[in-house]
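This report refers to the structure that appears directly beneath it.
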There are 2 protein chains.
Amino acid sequence: MNVQRSLHEPERRLVTLSDVAREAGVGESTVSRVLRNQGSFSKRTQDRVAEAVARLGYVPNRLAGMLAGSGSTAGAKLVGIVIPSLTNIVFPDLLRGATAVLDRGGFQSVIGVSDYDPEREEALIGALLSWRPAGLIVTGLEHTPGALARLRASGIRIVEMIDTDGAGLDIVVGFSNRAVGCDSARHLLARGYRRIGFVGHDITQDLRAAKRLAGFCETLREAGCPLAEREIASGPSSAAAGREALARLVGRRPDLDAVYFSNDDMALGGYFHCLADGIAVPGRLALFGFNALDIAAALPQPLTTIRTPRLEIGAAAAERLAADGPAETVDLGYELIAGATA
Amino acid sequence: MNVQRSLHEPERRLVTLSDVAREAGVGESTVSRVLRNQGSFSKRTQDRVAEAVARLGYVPNRLAGMLAGSGSTAGAKLVGIVIPSLTNIVFPDLLRGATAVLDRGGFQSVIGVSDYDPEREEALIGALLSWRPAGLIVTGLEHTPGALARLRASGIRIVEMIDTDGAGLDIVVGFSNRAVGCDSARHLLARGYRRIGFVGHDITQDLRAAKRLAGFCETLREAGCPLAEREIASGPSSAAAGREALARLVGRRPDLDAVYFSNDDMALGGYFHCLADGIAVPGRLALFGFNALDIAAALPQPLTTIRTPRLEIGAAAAERLAADGPAETVDLGYELIAGATA
DNA sequence: ACAGATGATGGCAGCGCTGCCAATCTCATT
DNA sequence: AATGAGATTGGCAGCGCTGCCATCATCTGT
């Protein structure tokens with residue numbers, strides 16, 4: 001069954017507010033007030049409008065509503081969100097946290113995915129800005145000059161989430177990736193590991209991962225035990241990439257006693273390699289991840305990793321966006337989960 | 001630094017099309033044409049407009065554009081997408097497939113997440129419809145009567161994706177979940193398994209999973225080898241849930257020789273339980289999943305599962321939405337991946 | 001019973017942009 | 001030089017809704 005508009009009724013105009021007004025026998029503004037439950041109107045009017053709406057199957061046109069309402073306080077109930085990826089569970093989680101709060105506040109959110117491409121992020125920011133949102137939530141602190149200029153010029157609330165290692169434009173919500181790296185290194189050192197390697201994905205794309213690694217390396221160096229070796233998989237993080245990269249790393253440096261991964265996806269793959277290759281974990285080789293994926297906790301040996309407050313970050317970002325507070329940086333911290341692999 | 005609009009300039013009007021027109025010394029419609037690269041205009045005009053735009057930092061107001069353009073062919077370049085979840089990688093994949101095509105076609109997409117709640121889906125459909133999109137992409141064939149009514153009344157293109165087991169409203173793109181269940185059963189039977197159990201998550205929420213199970217059970221029954229036992233975890237699917245559920249299942253029925261999981265998340269958990277408990281896979285117990293997650297292929301033993309064309313489904317949905325073809329059902333099929341676990 | 005306070009309501013001018021149409025300009029043809 | 005087909009351009013009426021203000025109706029206190 002084709003529900004497309006039939007060619008025989010070329011002018012099937014959609015029901016508009018004024019149709020409802022006529023049907024209900026009231027003025028347009030009255031219908032508008034009733035529909036938005038704002039201002040005052042009698043119970044009787046309300047009922048008549050409700051009836052008319054139902055009878056006509058009226059669907060308000062948000063486009064018109066926002067246009068007309070723009071400039072006023074109640075206007076733009078819209079928020080743009082830019083994230084780099086959807087395949088890494090981190091970002092859907094941030095999204096869930098944010099939209100939960102946003103929905104409650106009556107905001108609509110429009111989402112853009114940049115695929116970790118700064119140029120694309122800039123384009124997306126431009127596109128989202130053209131919706132005239134009340135605010136924008138973006139990921140990370142690093143943006144192209146063009147993107148920064150647009151964000152600044154927009155005059156709206158900007159929230160940069162996840163990363164607190166650097167200066168933000170307005171509001172920053174997240175945790176220190178660098179500190180995560182440092183703490184991860186300290187944990188491994190404290191457990192006595194000394195020949196430590198790193199397995200990561202394409203870090204030039206994922207700046208946060210690069211910051212973690214920087215913190216990690218620095219702490220190792222300060223402890224007089226610099227990173228022994230690293231292996232970078234090309235492309236995005238995945239279990240398969242992690243598995244292969246670890247295989248290469250231990251092939252090259254069989255003497256390593258611990259490996260730090262750029263995240264749990266990679267670490268999972270590393271763990272599988274150990275399982276398949278009979279490498280005892282953590283006896284022969286310790287593994288340390290990042291992100292505390294659900295699945296990492298379900299392994300035969302729970303992965304040692306860092307739990308990040310993803311939902312909370314998303315929620316805090318949304319709250320700050322809606323609120324009218326001052327520019328600030330909110331550090332929500334993280335938690336080291338001592339599993340069985342390191 | 002707070003970039004909020006300063007209280008000292010209460011009337012900081014945003015730059016509009018007519019500002020650009022004045023600045024460039026041309027008419028509004030000319031600017032509009034240049035900006036949309038539509039109609040004809042001279043190179044000189046184009047340059048002047050481009051300059052003015054840059055000088056003023058003009059950002060087009062899409063709200064106004066869509067409102068004005070509504071009703072015409074080029075109007076509503078907007079598509080609404082409703083998915084039940086973001087945490088299951090399936091849906092981000094569908095989204096990626098769809099937005100890739102949509103972006104290319106110059107469409108913006110607005111996304112809604114229903115959390116597997118039909119009521120919420122209905123509300124989301126209403127909300128998305130109020131953006132006056134050119135079309136809507138929804139998930140699955142089952143919707144509340146209210147949602148169906150709205151979709152029908154909308155008069156726009158509707159694409160229902162993933163599931164082809166039933167009647168659609170307009171365009172349906174996906175594969176037969178029931179057939180997946182049947183083929184999965186046949187595979188296990190062909191490999192000689194006879195005492196087969198099922199481990200699933202809350203199937204009342206996930207209708208597609210229910211259809212797979214139905215097909216699976218039917219095929220087993222027809223083969224004279226009905227499902228021996230089932231274990232349903234409460235809540236959504238996850239590796240942890242799968243692990244615990246399998247533990248309970250084998251605790252109750254240690255004689256089983258194969259287990260079918262509602263999806264790979266659950267199967268992964270089941271595999272981990274076997275690993276942890278020393279249950280030989282597939283010698284002692286075979287495992288069969290669904291969805292071909294990347295991670296399932298990286299296991300020491302690749303999981304036997306079904307690969308579904310997620311990106312392709314999303315892309316096909318978007319293509320059909322943009323195209324002007326007849327109502328139809330497009331079955332993109334699936335592929336059984338014979339891994340090492342069954 | 002009358003001024004003043006509320007409560008309800010309708011009218012109408014935009015919000016910023018696009019579609020349509022008429023006006024103007026250009027240029028090769030005859 | 002006149003002519004017609006295009007190319008280029010500007011004016012302006014909406015798109016559907018909300019904000020603002022004027023208008024009544026109703027109610028309250030003295």
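Residue numbering restarts at 1 for every chain, and letters A, B, ... go by the order of the sequence lines.
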Distance, nearest 0.5 Å, that separates [atom1] of [X] from [atom2] of [Y]:
X	Y	atom1	atom2	result
B:F41	B:S32	CZ	OG	10.5 Å
A:I137	A:T99	CD1	OG1	9.5 Å
B:L67	B:R62	CG	CZ	14.0 Å

Are any side-chain N or O atoms of A:D19 and backbone N or O atoms of A:T16, one a donor and one an acceptor, separated by less than 3.5 Å? yes

Got a sec, which residues hit salt bridge (charged side-chain N to carboxylate O under 4.0 Å, His left out) with B:E51, two or more places apart in sequence or on another chain? B:R55

Rounded to whole Å, how long is the line connecting atom [atom1] of [X] with atom [atom2] of [N]?
X	N	atom1	atom2	answer
A:L17	C:dG10	CG	P	12 Å
A:R132	C:dG16	CZ	P	8 Å
B:W131	D:dC17	CH2	C1'	14 Å
B:L67	C:dC17	CG	P	12 Å
A:L35	D:dC17	CG	P	9 Å
A:K77	D:dT18	NZ	P	14 Å
B:L14	C:dG16	CG	P	8 Å
A:Q38	D:dC20	CD	C1'	12 Å

I'd like to know if A:E23 and A:R48 make a salt bridge, using a cut-off of under 4.0 Å between side-chain N and carboxylate O. no

Does a salt bridge link B:D103 with A:R120, judged by any charged N lying under 4.0 Å from a carboxylate O? yes

Nucleic acid footprint by protein, nucleotides 22-27 of chain C - heavy-atom cut-off 4.0 Å, B for base, S for sugar-phosphate alone: ------

Under the side chain to side chain contact (heavy atoms under 4.5 Å, CB included) test against A:R310, which residue among A:D93, A:L95, A:I162, A:L332 passes? A:D93

Would you list the atom pairs, donor with acceptor, under 3.5 Å between side chains in residues 104-114 of chain A and any protein atom, with sequence neighbours excluded?
{"residue": "A:Q108", "atom": "OE1", "partner": "B:W131", "partner atom": "NE1", "Å": "3.3"}
{"residue": "A:S114", "atom": "OG", "partner": "A:Y116", "partner atom": "N", "Å": "3.3"}

List the steps, then state whether salt bridge (Lys or Arg N to Asp or Glu O under 4.0 Å) holds for A:R44 with A:D47. CA-CA 5 Å; A:R44 200 179 69 103; A:D47 294 340; over 6 Å; no

Report the C-alpha distance between A:H143 and A:E122 in whole Å, list the side-chain angles of each, state the deciding distance to 0.1 Å, and finish with yes or no for side chain to side chain donor-acceptor pair (under 3.5 Å). CA-CA 8 Å; A:H143 313 285; A:E122 177 175 340; over 6 Å; no

What's the angle between the local helix axes at either end of the helix from C:dA1-D:dT30 to C:dT30-D:dA1, using five pairs per end and rounding to 10 degrees? 40°

Look at the side-chain N and O atoms of B:R36 and state whether any lies under 4.0 Å from the OP1 or OP2 oxygen of C:dG19. yes

Sub-3.5 Å pairs of nitrogen or oxygen atoms, protein against nucleotides 9-13 of chain D:
{"residue": "D:dT9", "atom": "OP1", "partner": "B:S42", "partner atom": "OG", "Å": "3.1"}
{"residue": "D:dT9", "atom": "OP1", "partner": "B:T45", "partner atom": "OG1", "Å": "2.4"}
{"residue": "D:dT9", "atom": "OP2", "partner": "B:S42", "partner atom": "N", "Å": "2.9"}
{"residue": "D:dT9", "atom": "OP2", "partner": "B:T45", "partner atom": "OG1", "Å": "3.1"}
{"residue": "D:dG10", "atom": "OP1", "partner": "B:G27", "partner atom": "N", "Å": "3.3"}
{"residue": "D:dG10", "atom": "OP2", "partner": "B:G27", "partner atom": "N", "Å": "2.5"}
{"residue": "D:dG10", "atom": "OP2", "partner": "B:T30", "partner atom": "OG1", "Å": "2.4"}
{"residue": "D:dG10", "atom": "N7", "partner": "B:S29", "partner atom": "OG", "Å": "3.2"}
{"residue": "D:dG10", "atom": "N7", "partner": "B:R33", "partner atom": "NH2", "Å": "3.3"}
{"residue": "D:dG10", "atom": "O6", "partner": "B:R33", "partner atom": "NH1", "Å": "3.2"}
{"residue": "D:dG11", "atom": "N7", "partner": "B:S29", "partner atom": "OG", "Å": "3.1"}
{"residue": "D:dG11", "atom": "O6", "partner": "B:S29", "partner atom": "OG", "Å": "2.8"}

Within residues 47-61 of chain A, residues whose heavy atoms come under 4.0 Å of DNA chain D: A:Y58, A:P60, A:N61

Contacts of B:A64 and A:K43 projected onto DNA chain C by closest heavy atom; the upstream (5') one is A:K43

